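Data first, discussion second: the structure below is written as structure tokens.
Side chains are part of it too, since the values below use all heavy atoms of this structure and drop only hydrogens, waters and symmetry mates. For ligands, and for the atoms within them, numbers begin at 1 and follow the listed sequence. Here the structure is a predicted model, which is why all the values come from computation and not from measurement.
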Amino acid sequence: MCGIVGYIGRRDAVPVLLEGLRSLEYRGYDSAGLAVIHRNRLQVIKTAGRVQDLRDRVGDRTKATIGIGHTRWATHGEPNETNAHPHTDTEGRIAVVHNGIIENAEQLRDALGAKGVKLVSDTDTEALAHMIAAEAAGDTPLEEAVRATLRHVEGTYGLVVLDTRHPGELVVARNGSPIVLGIGESEMFVASDVAALVRYTKQVVYLDDAEVATVHAADYRVVPLDGSGRRAAGDSKVPTTVEAEAGDYELGAYEDFMRKEIHEQPEALRRALRGRLDDRFATAKLGGINLDARELRSIRRVKFLGCGSAYYAGQMGAVLVEELARIPSDAEPASEFRYRNPVVDPDTLYVAVSQSGETLDTLMAVQELRRKGGQVIGAVNVVGSAIGRECGRGVFLHAGPEVAVASTKALTNMAASFAMLALLLGRVRDLSAASGQRIVAGLRALPGQIDQILAHEDLVAEVAGRFADAEHMFFIGRVRGWPVAREGAQKLKEVSYVHAEAYQAAELKHGPLALINSSMPSLVIVPADELLSKNISTIEQIRARGGPVIAVTSAELPPYLADAVIRVPAGEPELDPLLLNVPLQLLAYHVAAKLGRDIDKPRNLAKSVTVE
Ligand code: F6R
């Protein structure tokens, strides 16, 4: 994922830009660059290397109080210095940094070529710089030139524009790619992610799609891109306060963010539960979903929508809702939902699940639902994100910033939030006070139980060491264990690149059992529940065919049943998935570490997928 930073104020802009780019490094990139206005001229410095290379290249030769910076992940054109951002017009007057993809870039570039403009890079972004320069002729305000340019642009963008004729302002625009303004004391910051600005300010303004903003050191103005319904200057968007701290984006004593975030789970979970458990009525309090008891009772179905791990968390949620509330429930990848012209049912509660709150497929699913009158709530981690704003109501996950690409603590908080939603729905229906009390106590015990699992990390690391050479692995689970198995396989694949497949236990005998042999280990999820004996017999079937087995369990298993057993504390059976999932995160982490993978930035993956 590309990263954007911008600064205008009294400080030396270059260190602010470099520090901002450094804090966005975790998102992955292949080149970096910055542009500042120095003595009314544009200075652009770029590198096909790391932010540190850019820092070395800049040295202390550049002083300015306004500038923009970018880390690029190549989409149009290979990762080299010419294609790195910022891009400029021919005269070197306008500089642009851009995230997203311009879909009609080819036509725009051809049209510029036909007018005699010589493009020097292979990027879609460079076309924007030339087009803005052409529109900004004479006294035209920069914002107007940007707006006029974007009328011809199809695709997604978060962009920041610098103009030497307007050295006291930055113009930014958003459509499908996040942009946030950081509001300081006579200084302003712009970024694609709050990570780049929390060290300077906690007051932020998130741009919505189709908005453009003009930012000066002392004020800003956000207006709709099409120019209609222009907001008055004093009536611009009001800043919100971000929860994140600069330390959330630092590794501290850890080697990777993934391991740091795995270990943050007990604390993150305590935050998610705080103030939301109601002992008196044995239920949960989720004020943000804004549904009273009558509305909760009228819900006939619950459908969770998310992508990747957020979808698997939704599957955990669906199992919880069916168990505790006895309401039909399922989960579907938002990416499928948005494309299949779904029947939107007014009696269904749709839950949009997303850590980043920016995943385009999930956002599109929410927009489709809203268009068709569906009731949708968000389960989102990043406050102020696009999905959170689009839903307008829901449950914030309070996991804190998740920096590693692999989702860990956010997923745990998603599942815990769904347990609370299921409890709330159950308690206005058939769930007894005694059962509600049991779940409340079970939820309260979870952080301490996860602490216990983490205290035995060395055992999981030892098992990981024994199985790290496997080329393939099966993850087997049924009912409560099934989403856990899917998530475990996903985690192993994405961080270690070991091929992993999840199967429902009973499906094994309908085909995949043919693959079982001594070089195909299976990790079997064995909750201490009414299906224990079934899961034990699954393990026996696998072992009878020579397949090595790792059992991850909350039960007491017969000795020698499996080649390795990873125990988690026994809790309330409905909540077992939250505990059983944690060793799978550790296992994926330690296999990846053993194989020397770049754990926080797996190949080909980005933190949130905001472009098609
Ligand atoms: C896996 C992972 C991804 C995300 C998915 C959705 O570890 O991180 O599968 O879960 O891309 O992202 P969000 O939750 O930000 O919508």
| said: Donor-acceptor check, side chain of Asp600 to backbone of Phe257, threshold 3.5 angstrom: yes or no? | reply: yes

Is NZ or CZ of Arg50 both nearer than 6.0 Å to the six-membered ring centre of Tyr29 and within 45° of the ring axis?
yes

Sequence neighbours excluded, the answer for side-chain hydrogen bond (donor to acceptor under 3.5 Å, both in side chains) partners of Arg340 is Glu332

Q. Got a salt bridge between Asp209 and Arg174, using NZ or NE/NH1/NH2 to carboxylate O under 4.0 Å?
A. yes

Per-atom filter on ligand 1: closer than 4.0 angstrom to a heavy atom of Gln355 are 13 (P), 14 (O), 15 (O), 16 (O)

Atoms of ligand 1 under 4.0 Å from any heavy atom of Ala406, numbered from 1 in the order shown, are 7 (O)

Result block: side-chain N/O donor-acceptor pairs under 3.5 angstrom for residues 413-421, not counting sequence neighbours:
{"unit_1": "Asn413", "atom_1": "ND2", "unit_2": "Ala268", "atom_2": "O", "d": "3.0"}
{"unit_1": "Asn413", "atom_1": "ND2", "unit_2": "Leu397", "atom_2": "O", "d": "2.8"}
{"unit_1": "Ser417", "atom_1": "OG", "unit_2": "Asn413", "atom_2": "O", "d": "2.7"}

Kindly confirm or rule out an N or O of Ser354 lying under 3.5 angstrom from an N or O of ligand 1. yes

Filtering Ala588, Ala313, Cys307 for the heavy atom nearest atom 4 (C) of ligand 1 leaves Cys307

Here the atoms of ligand 1 under 4.0 Å from any heavy atom belonging to Gly308 are 9 (O)

If we number the atoms of ligand 1 from 1 as shown, the ones under 4.0 Å from a heavy atom of Ala310 are 10 (O), 14 (O)

With heavy atoms and a 4.0 Å threshold, my read on which part of Val405 contacts ligand 1 is backbone

The residue among Glu402, Glu267, Glu264 that forms salt bridge (charged side-chain N to carboxylate O under 4.0 Å, His left out) with Lys409 is Glu264

Checking heavy atoms under 4.0 Å, the part of Gln490 that sits near ligand 1 is side chain

Near Lys491 (heavy-atom distance under 4.0 Å), the atoms of ligand 1 are 1 (C), 7 (O)

Ser356 heavy atoms within 4.0 Å reach ligand 1 at atoms 13 (P), 15 (O), 16 (O)

inquiry  = Using only atom types and a distance under 3.5 Å, with no angle test, would you say the side chain of Arg276 pairs donor to acceptor with the backbone of Ala272?
reply    = yes

